[in-house]
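Every value quoted in this text rests on a predicted model; they were computed, and no experiment measured them. Only this structure's heavy atoms are used, side chains among them; waters, hydrogens and symmetry mates stay out.
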Amino acid sequence: MGLFSSPAKVYKPAADVDLGPGSDEFYISPNVKAPRVAGLLVKIFVWILEMPIIGQIVLYILKKDNLINKLVSDADIPEPPLFTATHNWEDIPEQNVVLTKPDLSAAERVQEAVGCLPARLEATLAGDEPSLGLKRWTIRDFYDAYSSGETTPVQVATRFLAAVKESSGPGLNMAFFISCAPEDVMRQAEESTLRYQRGAPLSALDGVLVAVKDEIDCAPYPTTGGTRWLGAARRCQADAACVAQLRACGAVLAGKANMHELGAGTSGINPHHGSTRNPYNAGKIAGGSSSGSAAVVCAGLCPVALGVDGGGSVRMPAALCGVVGFKPTAGRLSSAGVLPLNWTVGIPGILAGTVEDAVIAYSAIVDQSQPSYLRPELNLPQLKSSLSINNIKLAKYAKWFNDSAEDIRSCCDKALKTLQAHYGWQTVDVTIPEIEEMRLAHYVTIGSECTTSLAKYLDKLKRSEIGWDARVALSVYGSFSSRAYLNSQRLRNRQMYFHKEIFKTADVIVSPMTGVTAYTLQDDAFDTGELDYINGAALVRYSIAGNFLGLPAITVKVGYDKGGLPIGLQFIGRPWSEATLLHIAFAMQEACAKCYKKPVVFYDLLKKE
């Protein structure tokens, strides 16, 4: 295809790139060349892509027009490839933390985490107007209500199942869950209730409802990955490691949350299991791919849910739905029992209503299975005072930070200034080079790994079993060459160097979580899915470093756009610095809590009014 080729980029050595605020490095804002298509147009596009010769020509043109060939596949890159995003353990000094003992059980770690939290028993995140205020019940609220006998896990589970039924009905059609077995939920709730009656709950998570993304094994459910075929092709044999730890803490596993098919999209539109709707506006997307996990937490059905984050798939829907999304360092959580859709970029993550609940869930599911001499130390943040850490430096790349919708830009800038005013933290201006190059390299990586991991199933599968938009994604993924994949890993090496250098001068990198807020669900997409790469690129704009480089990252709500849709701010940390990230996110939450508003679709499972 040399006739169609354009000059490839020649990269200078990473060590020669200026990372200072006055750098002449050119920022490329994604210029995606692909119109939104849905319905019949998606089907026609799939038929073209799957033609033996014409399809290859179209795919080549698409990759050329969207700079994949120029910036990645054909590029001249001096660095060798770096194939994983794992990090050696470093004992990073962190302020005001508790170092946990290495051999504690999940339940004992939860007890340690609860001891790190503020003394207040009830989380009231209320706005100035009572009618708009958000009272979000936390894990500790449920535990306290159960312990006092005010209510029981059975009563809460009964309300939960009624809410799931109502929200799934024709009036709302929220599509929160792919699977929810009432008899299994009630069985777990009954066992938890008996433990409380005996005065022997397993932990503060005992009886607390937790939803699990349908990319994570959780008995007795099949793991579908958002498809209608994978659950039968790959049988769920046992709980995933993170689910088993929650079960050991007494959590009531509430069902398998909806997701974008195969995680291959950012909207949460699923033609097989329904399109998850945003509780702040049911006409808007919830984001993806952990769409159901974000929406159930937002709607008050669960204080915590599990997701998987391969390209912002936890943090992005968390931001769109106005909840906390937390992705730890690569290797901090076990991926055993998680669909292996993206080996080197994906990791389980946590969606929670509050930072405090994210801390508790994190303490429960952290991987402690390695021998103690290989295991990273686990620090938990002492959140009893939001003023407990100081001299924090926040790295900001202005061109990247400002490459978002006006409402997001102004809201996130205001939140950053609030942190500076309240806590005296400093903003450090930096340049993060090759942001768009990293996004494309990550896209090549996650796509190549997805098709490789699924090859043994796809080779035997009828194409009609796969959703139309997922077929487009798989066609694109399957077109990436070994050269494109290897060059992507060379770009990973460069980005790892850049970020390590930036973290020598700053504690975290700060950015908006998404470039746009939740956009409108359109009727023509429900049966076929949609191809909206322009909005998709805007949604993932700030997500990639966390996955491609294995860095911990967290998003917390800092306000709303003019239409009342949530806006999230993101903090990206050094490897293994989760406690510092949680400290910073908690401080941000406390500074913004007075403006939090109640979603339109919201359920009060404790019924305390």
Side-chain angles (χ1 to χ4, degrees), residues 123-136 174 266-268 276-288 290-291 293-300 312 314-326 351-355 358 401-419 421-422 510-521 535 538-543 554-571 584-604:
T124 304
L125 305 179
D128 294 331
E129 299 179 48
S131 61
L132 298 178
L134 171 58
K135 181 174 287 185
R136 189 175 285 289
M174 299 298 289
T266 57
S267 66
T276 304
R277 297 173 180 270
N278 194 312
Y280 275 94
N281 183 333
K284 304 290 184 178
I285 65 164
S290 304
S291 48
S293 297
V296 296
V297 173
C298 176
V314 163
R315 293 162 288 145
M316 183 201 317
L320 298 189
C321 291
V323 299
V324 175
F326 179 40
L351 300 102
T354 65
V355 174
F401 190 99
N402 294 331
D403 190 12
S404 56
E406 181 181 350
D407 286 358
I408 294 176
R409 184 167 59 252
S410 60
C411 181
C412 289
D413 191 55
K414 180 181 177 182
L416 190 53
K417 290 177 180 176
T418 298
L419 284 182
H422 281 209
V510 62
S511 76
M513 188 61 249
T514 60
V516 294
T517 52
Y519 61 84
T520 301
L521 280 165
N535 272 320
L539 287 173
V540 303
R541 183 163 301 149
Y542 304 99
S543 301
I554 192 167
T555 181
V556 63
K557 180 170 57 180
V558 293
Y560 304 85
D561 68 6
K562 292 183 178 68
L565 295 167
I567 294 170
L569 187 69
Q570 176 182 226
F571 303 99
I584 294 170
F586 180 69
M588 189 77 266
Q589 173 185 279
E590 292 298 285
C592 295
K594 290 184 178 179
C595 77
Y596 287 178
K597 301 174 184 177
K598 185 177 178 181
V600 175
V601 178
F602 188 77
Y603 296 92
D604 179 0

Measure across Arg409 and Phe401 and return the closest heavy-atom pair with its distance rounded to 0.1 Å.
O-CE2, 4.3 Å

Looking at every heavy atom in both Gly325 and Arg315, which two are closest together, and how far apart are they?
O-CG, 3.8 Å

May I have the step-by-step check of side-chain contact (heavy atoms from CB on, under 4.5 Å) for Ser543 and Met513, ending in yes or no?
CA-CA 7 Å; Ser543 301; Met513 188 61 249; 3.4 Å; yes

How many angstroms lie between atom SG of Cys411 and atom CG of Leu416, to the nearest 0.5 angstrom?
11.5 Å

With heavy-atom distances below 4.5 Å as the criterion, would you say the side chains of Lys284 and Thr520 are in contact?
yes

Inter-residue atom distance Thr266.OG1 - Ile285.CD1, 0.5 Å rounding
6.0 Å

Pick one: which of Ile567, Leu539, Val516 meets side chain to side chain contact (heavy atoms under 4.5 Å, CB included) with Leu320?
Leu539

Working note: Leu134 + Lys557, criterion side-chain contact (heavy atoms from CB on, under 4.5 Å); need CA distance, chi angles, decisive distance, verdict.
CA-CA 13 Å; Leu134 171 58; Lys557 180 170 57 180; 4.2 Å; yes

Can you tell me how far the CZ atom of Arg277 sits from the CG atom of Leu521, to the nearest 0.5 Å?
5.5 Å

Tell me every residue that passes side-chain contact (heavy atoms from CB on, under 4.5 Å) with Asp403, counting only those two or more places apart in sequence or in another chain.
Tyr27, Ser29, Pro30, Arg541, Tyr542

What's the shortest heavy-atom distance between Ser404 and Pro512, and which atoms?
OG-CG, 4.2 Å

Checking side-chain contact (heavy atoms from CB on, under 4.5 Å) for the pair Phe571/Met588: CA distance, chi angles, key distance, verdict?
CA-CA 10 Å; Phe571 303 99; Met588 189 77 266; 4.2 Å; yes

If I compare all heavy atoms of Gly568 with all of Val558, which pair ends up nearest, and what's the gap?
C-CG2, 4.4 Å

Identify the heavy atoms of Val323 and Ala352 that sit nearest to each other, and give their distance.
CB-O, 3.4 Å

Single hit among Leu569, Thr517, Asn402 for side chain to side chain contact (heavy atoms under 4.5 Å, CB included) with Ile408
Thr517

What's the verdict on side-chain contact (heavy atoms from CB on, under 4.5 Å) for Tyr519 and Ser267, showing C-alpha distance, side-chain angles and the deciding distance?
CA-CA 9 Å; Tyr519 61 84; Ser267 66; 3.5 Å; yes

Taking the side chain from Tyr560 and the backbone from Lys597, do they hold a donor-acceptor pair closer than 3.5 Å?
yes

Tell me, please, which residues at least two apart from Lys417 pass salt bridge (charged side-chain N to carboxylate O under 4.0 Å, His left out).
Asp413

Counting only N and O atoms by type, is there a donor-acceptor contact under 3.5 Å from the side chain of Asp407 to the main-chain atoms of Lys562?
yes

Do you know which two heavy atoms are closest between Ala286 and Ser291, and how far apart they sit?
CB-O, 4.1 Å

